[in-house]
Amino acid sequence: MRKLLKIRQVVNQGRSGTLPPVSDVRTRFAPSPTGFLHIGGARTALFNWAFARRHGGRLVLRLEDTDRERSTREAEEAVLEGMRWLDLDWDEGPHRQSERGERHAEAVETLLATGRAYRCTCTREELEERKQATIAAGGKWTYDGRCRDAGHGPDCGPHTVRLRLAPDARLAWDDLVFGPSGQEAREIGDAIIRRSDGAPLYHLAVVVDDLDMGISHVIRGADHHSNTPLQLAIYAALDATPPQFAHVPLILGDGGKKLSKRMDAVSVQHYRSAGYLDDAMRNWLVRLGWSHGDREIFSGPEIAALFELANVSRSSAQADPDKLAWLNQHYLKQMPRPELLAELTPFLEQALGHAVEPSDGLADLVDLLRERARTLAEMAEQATFVAVQNLPYDEKAAAKHLKPAARPLLEALHTALAEVDPWTPEAIEPVFETVRARHDVGMGKLAQPVRVALTGRAASPGIYETLAVLPQATALARIAEAIHFIKHGG
RNA sequence: GGCGCGUUCGUCUAGGGGUCUAGGACGCCGGCCUCUCACGCCGGUAACACGGGUUCGAAUCCCGUACGCGCUACCA
């Protein structure tokens, strides 16, 4: 218990207050390892990370893995993987709640020894019965205190342990986001802190863990706002100074409803595999409930430099996938080429179904595509033509542009293009000009058939660039194929 | 049901009594650019939940209503 007393109180501050420049800020992220990192959890982690970094503090990672069923090693790893992907580096841990049973048990024993808690032999059935009775009588139910002064000893048979609350205690705190908050103890009642099977309850466990880990700021989802009074009571019973609390609003799904696993994309790995960038994801998440004036774009380091709890909203936010897509393209546009190439390759290989050799053409193409794709998956889709063996034609595109009228144009181009040297957009352009002038057609009539011949589709980057991205021989071969296609049909 | 919290354009938000005929961003619509698709640029649409107060003056303060969310477990 000594250890618990060491906790230092960080200067109390309201929403408008400021923190001392250097502090002992210690935040924590405490997810339960469910097999994926939920975007709500990811944002909570991000806020904790940002707050710690902003104030030169430390972030502690703690896995709340008491649900042994779901808490497999793989489930844990998935959560950590999500954190790493988002560059949310932690300074301590991961600690595991399951490994701290002894500390939880000790705390309960201390509480029992000091009379701050007592044993309760009421059974679930009895409790339920009395609860229904008082509700039927129009009353509000909290534990009626039957065992409060019964003085049950350790050998009283099956029992739970309850916290003895002073009925007139006002369990109040100044929430860093919600402001002054609190509840009367009598509205809570004597809560169970240890189950009859000896396992500690969540509220006891978090308090002991946060105390032991020296957490100065508990930043967590608003769903815990109304759990705080009880936890405050536990801190008090332990004679410990509670940390500061900041509750962040929940993230809602489409239509303002709670995020549902089947209706919404709730895990960060979903977005990752859909081709979203970590920078975009972080930026999107941080702007859900937090703002910094009119600014929209924030890099990781900028978040770490600018984040303040005072600018966190109190109302829940609806996740908007369109905004994420926009952010993603923004980051796609400014990502250094080698990096982008590396990120794209796995997506491209997946789209093609075979390995891809790096080439200058592909590298050039990536620069052309960053203006046209919102995700890596989209970009890969648009890039397949450079690396594909047998180019398939989009049916509608072929029907519209690979018509007999295009044949003489393609033939003229094929001949002229064979002479182009060097094979660059600049050298290719004049060829189109001459062919266009000679056949007296508009650019559209000329470019579209070529585009379909080269890419199989009606949309691609500029035609000269698209040509130059392919080896000259390949480009010529595809034009020849298109001519053949027009002659003989599919 | 009880307790708590929330409510500014479709969405994320700025805004802490006059400078708000409410600003930015995404989306959407229109235009320009143009070989397609994009990008870019220009322009437009669109909000203070409702009702009472307080005040010379309210998006901003107070009360109520409605709606939404959270908690209300020997779950976390």
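Residue numbers start from 1 in every chain, and the chains themselves are labelled A, B, ... in the order their sequence lines are given, proteins ahead of strands.
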Any donor-acceptor pair under 3.5 Å from [X] side chain to [Y] backbone:
X      : Y      : answer
A:R162 : A:D190 : yes
A:H159 : A:G157 : yes
A:W173 : A:P242 : no

Gap between atoms [atom1] and [atom2], on [X] and [N] respectively (whole Å):
X      : N     : atom1 : atom2 : answer
A:E378 : B:C37 : CD    : P     : 16 Å
A:I428 : B:C35 : CD1   : P     : 17 Å
A:R314 : B:G15 : CZ    : P     : 11 Å
A:L454 : B:U36 : CG    : P     : 16 Å
A:R374 : B:A38 : CZ    : P     : 11 Å
A:D320 : B:C9  : CG    : P     : 14 Å
A:L368 : B:C35 : CG    : P     : 16 Å
A:M379 : B:C39 : CE    : C1'   : 12 Å

Write down the partner of [N] under the Watson-Crick or G-U wobble criteria, each distance required to be under 3.5 Å.
N     : result
B:G17 : none
B:G57 : none
B:C32 : B:G40
B:G68 : B:C5
B:A22 : none

Which pairs, protein N/O on one side and nucleotides 21-25 of chain B N/O on the other, fall under 3.5 Å?
residue, atom, partner, partner atom, Å
B:G23, N2, A:D294, OD1, 3.1
B:G24, N2, A:E296, OE2, 2.8
B:A25, O4', A:E296, OE2, 3.4
B:A25, N3, A:K323, NZ, 3.2

Does the ring centre of [Y] sit less than 6.0 Å away from the ring centre of [X]?
X      : Y      : value
A:Y118 : A:H152 : no
A:H270 : A:Y276 : no
A:F47  : A:W290 : no

Please classify the nucleic acid contact of [X] as base, sugar-phosphate, or nothing, using heavy-atom distances under 4.0 Å.
X      : value
A:Q183 : sugar-phosphate
A:A458 : base
A:P249 : nothing
A:R220 : nothing
A:G221 : nothing

Open item on the list: Does this structure show an ion pair linking A:E109 with A:R194, if we count only N-O contacts that are shorter than 4.0 Å?
Closed with: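 A salt bridge links A:E109 with A:R194.
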Task: Salt bridge flag under 4.0 Å for residues A:R103 and A:D212 - done: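 Salt bridge flag = yes for A:D212 with A:R103.
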Please report the distance separating the [atom1] of [N] from the corresponding atom of [M], rounded so that it comes out in whole Å.
N     : M     : atom1 : answer
B:U65 : B:G2  : P     : 11 Å
B:A66 : B:G10 : P     : 24 Å
B:G24 : B:G70 : C1'   : 31 Å
B:C48 : B:G16 : C1'   : 14 Å
B:C50 : B:C33 : P     : 44 Å
B:G18 : B:A58 : C1'   : 9 Å
B:C39 : B:U7  : C1'   : 38 Å
B:A14 : B:G31 : C1'   : 29 Å

Task: Atom of A:I463, atom of A:A447 and distance for their closest heavy-atom approach - done: CD1-O, 3.7 Å
Task: Exercise: identify the closest heavy-atom pair between A:A233 and A:L163 - done: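 Looks like CB-CD2, 3.9 Å.
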Task: Intermediate values then yes/no, ring pair (Phe, Tyr, Trp, His ring centres under 6.0 Å), A:H104 and A:Y202 - done: CA-CA 10 Å; A:H104 306 324; A:Y202 167 74; over 10 Å; no
Open item on the list: Quick check: on RNA chain B, is the nucleotide nearest A:R43 upstream (toward 5') of the one nearest A:S460, or the reverse? Name the residue that is more 5'.
Closed with: A:R43
Task: First encountered from the 5' end of RNA chain B, between A:K333 and A:G289 - done: A:G289
Open item on the list: Any residue in residues 443-452 of chain A with a heavy atom nearer than 4.0 angstrom to RNA chain B? Just list them by number, or reply none.
Closed with: A:M443, A:G444, A:A447, A:Q448, A:R451
Task: Inter-residue atom distance A:D144.CG - A:E126.CD, 0.5 Å rounding - done: 10.0 Å
Task: Base versus backbone protein contacts along nucleotides 62-76 of chain B [heavy-atom cut-off under 4.0 Å; B, S, -] - done: ------SSSS-SBSB
Task: side-chain contact (heavy atoms from CB on, under 4.5 Å) between A:R146 and A:R130, intermediate numbers included - done: CA-CA 11 Å; A:R146 179 161 301 189; A:R130 278 183 265 154; 3.5 Å; yes
- [ ] Indicate the ring-plane relationship of A:H247 and A:H225, choosing parallel, tilted or perpendicular according to the 30° and 60° boundaries.
- [x]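 Perpendicular: the ring planes of A:H247 and A:H225 meet at over 60°.
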- [ ] State whether the distance check finds a donor on one side and an acceptor on the other, under 3.5 Å, for side chain A:R372 versus base B:C39.
- [x]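 Such a pair does not exist between side chain and base.
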